[in-house]
Amino acid sequence: APAVHPELAPGRAPRALKVPRWTEAPGAQPTCQRLRALKHNAVKVNPREVRHSMPALDQFRSLLLAFLEEPGVLKALFTSKAFSAPCCRLCATLKCHLPHVETILDVGANVGQFALAAARHYPEATIYSFEPLPDVFEELKANTADNQRIKPLNWAIGNCAGKISINQNLYSRLSSCLKINETNDNPRYCENKTIPVTVNVCRLNDLNNTIHITPPALLKIDVQGMEAEVLIGGAHLMPQLDYILCETAMVELYKGQPLFTDIHELLRRLGYDLVAPLYLNKARSGKIIEVDVLYQRSTHSENALSDVQT
């Protein structure tokens, strides 16, 4: 039986939160060893082969929908260095609910797909993009170099400070501290060629001297199963965050990850109200496996942190 997350234990626990704590890893690996041969087979991961975009068929389907929903996507397709049709559609829907934002914390930035799409819809916003994997971070910097309002930061965000180990996936957007659940039936989440990479981690609570938040502010989370760690590690920063956009799982894509109901309850306890689901990610079967959900800070959230210890 899954253990109750220690941060949700006081008073009442609506349900067990199936997410392990990040543990500090030993010293960082030398750069030359970050992409070494996989331990359990002879396959080697070449940085040039690492994939950041979705498979061609899914990309085409999402691109077609993006064109139909937003004509401006065509220009972005030819001008963006990290174009993503799903991120364009997500940001277009986000703009309908949140017309203006000054600060965006982009946690789980990958190579800048969301940051560049958000910058197109919110050109006045300062975007802090957090990406922990060293080689992926270099691509993020290169892709966003022309936009001075996007600030890349080479950290993982969690509920501890120090070092952690991430399973870097050949399909880089699936990289996670958790292992992929081999029983899931979604083809994209069956890509399990990974290597362990040690990266720096910090808490949002500890970034007051690094980032400057001007309201209205949005926290975007896309961290492949570690959403609870990000939220709990940033609980004291929540009074400054007006909105939270979080990718949540409807099925267990990673072993032990929290599902939508867990994250929804945690956000409620942190003082946020559900606004709307903005984007659905479906498996080939048509089954919904992930949902990007928008929350707004409640006007009655002054005492929301009293039962969430950090």
Side-chain angles (χ1 to χ4, degrees), residues 5 7-8 14 17 19 86-87 90-110 113-115 117-118 121-122 125-131 153 155-159 202-208 211-250 257-281 290-305 307-308 310:
H5 194 287
E7 306 294 354
L8 299 180
L17 187 61
V19 56
C87 286
L90 174 61
C91 287
T93 308
L94 176 64
K95 183 80 171 181
C96 297
H97 293 275
L98 180 54
H100 176 70
V101 64
E102 286 287 337
T103 308
I104 298 176
L105 306 186
D106 176 18
V107 177
N110 198 244
Q113 299 95 321
F114 177 85
H121 288 84
Y122 301 103
T126 298
I127 303 174
Y128 297 95
S129 291
F130 297 89
E131 172 52 47
L153 297 166
W155 290 324
I157 300 298
N159 191 25
C202 66
R203 304 186 309 165
L204 286 176
N205 286 347
D206 303 327
L207 293 178
N208 284 333
I211 61 178
H212 177 70
I213 298 178
T214 302
L218 168 73
L219 169 62
K220 167 262 181 184
I221 304 174
D222 183 355
V223 290
Q224 309 306 113
M226 303 307 293
E227 299 81 15
E229 297 296 326
V230 173
L231 291 168
I232 294 169
H236 293 310
L237 197 67
M238 295 301 164
Q240 301 180 57
L241 301 175
D242 306 285
Y243 295 88
I244 294 179
L245 174 62
C246 187
E247 181 186 73
T248 62
M250 304 303 293
Q257 78 175 125
L259 300 181
F260 164 76
T261 50
D262 303 306
I263 299 304
H264 174 76
E265 180 61 28
L266 176 56
L267 282 165
R268 291 283 294 168
R269 295 181 68 181
L270 285 169
Y272 287 84
D273 295 327
L274 175 64
V275 176
L278 302 189
Y279 186 81
L280 305 179
N281 181 18
E290 291 174 313
V291 183
D292 288 281
V293 190
L294 180 65
Y295 289 81
Q296 181 176 13
R297 184 151 187 82
S298 172
T299 56
H300 306 289
S301 58
E302 291 80 3
N303 299 319
L305 301 182
D307 65 344
V308 179
T310 60

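Start at 1 with the first residue, then count along the sequence. Everything numeric here is computed off the predicted structure, so don't read it as measured data.
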Pair Ile127-Phe114, side chain to side chain contact (heavy atoms under 4.5 Å, CB included): steps then yes or no = CA-CA 10 Å; Ile127 303 174; Phe114 177 85; 5.9 Å; no
key: side chain to side chain contact (heavy atoms under 4.5 Å, CB included) assessment of Tyr272 paired with Leu219   = CA-CA 12 Å; Tyr272 287 84; Leu219 169 62; over 6 Å; no
request  = List the steps and the verdict of side chain to side chain contact (heavy atoms under 4.5 Å, CB included) for Lys95 and Tyr122.
outcome  = CA-CA 8 Å; Lys95 183 80 171 181; Tyr122 301 103; 3.7 Å; yes
task = Please test Leu267 against Val293 for side chain to side chain contact (heavy atoms under 4.5 Å, CB included), starting from the C-alpha separation and ending with a verdict.
result = CA-CA 11 Å; Leu267 282 165; Val293 190; over 6 Å; no
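The two residues Leu231 and Met238 make their nearest non-hydrogen contact at O-CE, 3.5 Å. The two residues Asp262 and Leu259 make their nearest non-hydrogen contact at OD2-N, 2.8 Å. Taking each heavy atom of Pro258 and Glu227 in turn, the nearest pair found is CG-OE1, 3.8 Å. Residues Lys220 and Gly108 come closest through the heavy atom pair NZ-O, 2.8 Å. Shown here for Ile263 and Cys246, the closest heavy-atom pair between the two residues is CG2-SG, 4.1 Å. Heavy-atom minimum distance, Cys91 versus Ala118: SG-N, 3.6 Å.
Each side chain to side chain donor-acceptor pair (under 3.5 Å) pair with one or both residues in residues 237-250, not counting sequence neighbours, appears once here: Tyr243-Gln296.
Interatomic distance, NE2 of His121 versus CG of Leu98, reported as 12.0 Å (0.5 Å rounding). Between Arg269 atom CZ and Ile232 atom CD1 the span is 9.0 Å, to the nearest 0.5 Å. Rounded to the nearest 0.5 angstrom, Leu266 CG and Tyr295 OH are separated by 9.5 Å. Note that the CE atom of Met250 and the CG atom of Leu280 stand 9.0 Å from one another [nearest 0.5 Å].
In summary, of the residues considered (Leu245, Leu241, Thr103), a side-chain contact (heavy atoms from CB on, under 4.5 Å) with Leu218 occurs for Leu245 alone. Screening Leu105, Val107, Asp206 for a side-chain contact (heavy atoms from CB on, under 4.5 Å) involving Ile157 leaves a single residue, Val107.
Within the 4.5 Å cutoff, the side chain of Asn159 has no heavy atoms near those of the Met226 side chain.
Salt bridge annotation for Arg297-Asp273: absent, with no cationic side-chain nitrogen under 4.0 angstrom from a carboxylate oxygen.
In terms of modelled atom types and a separation under 3.5 Å, the side chain of Glu102 and the main chain of Pro215 share no donor-acceptor contact.
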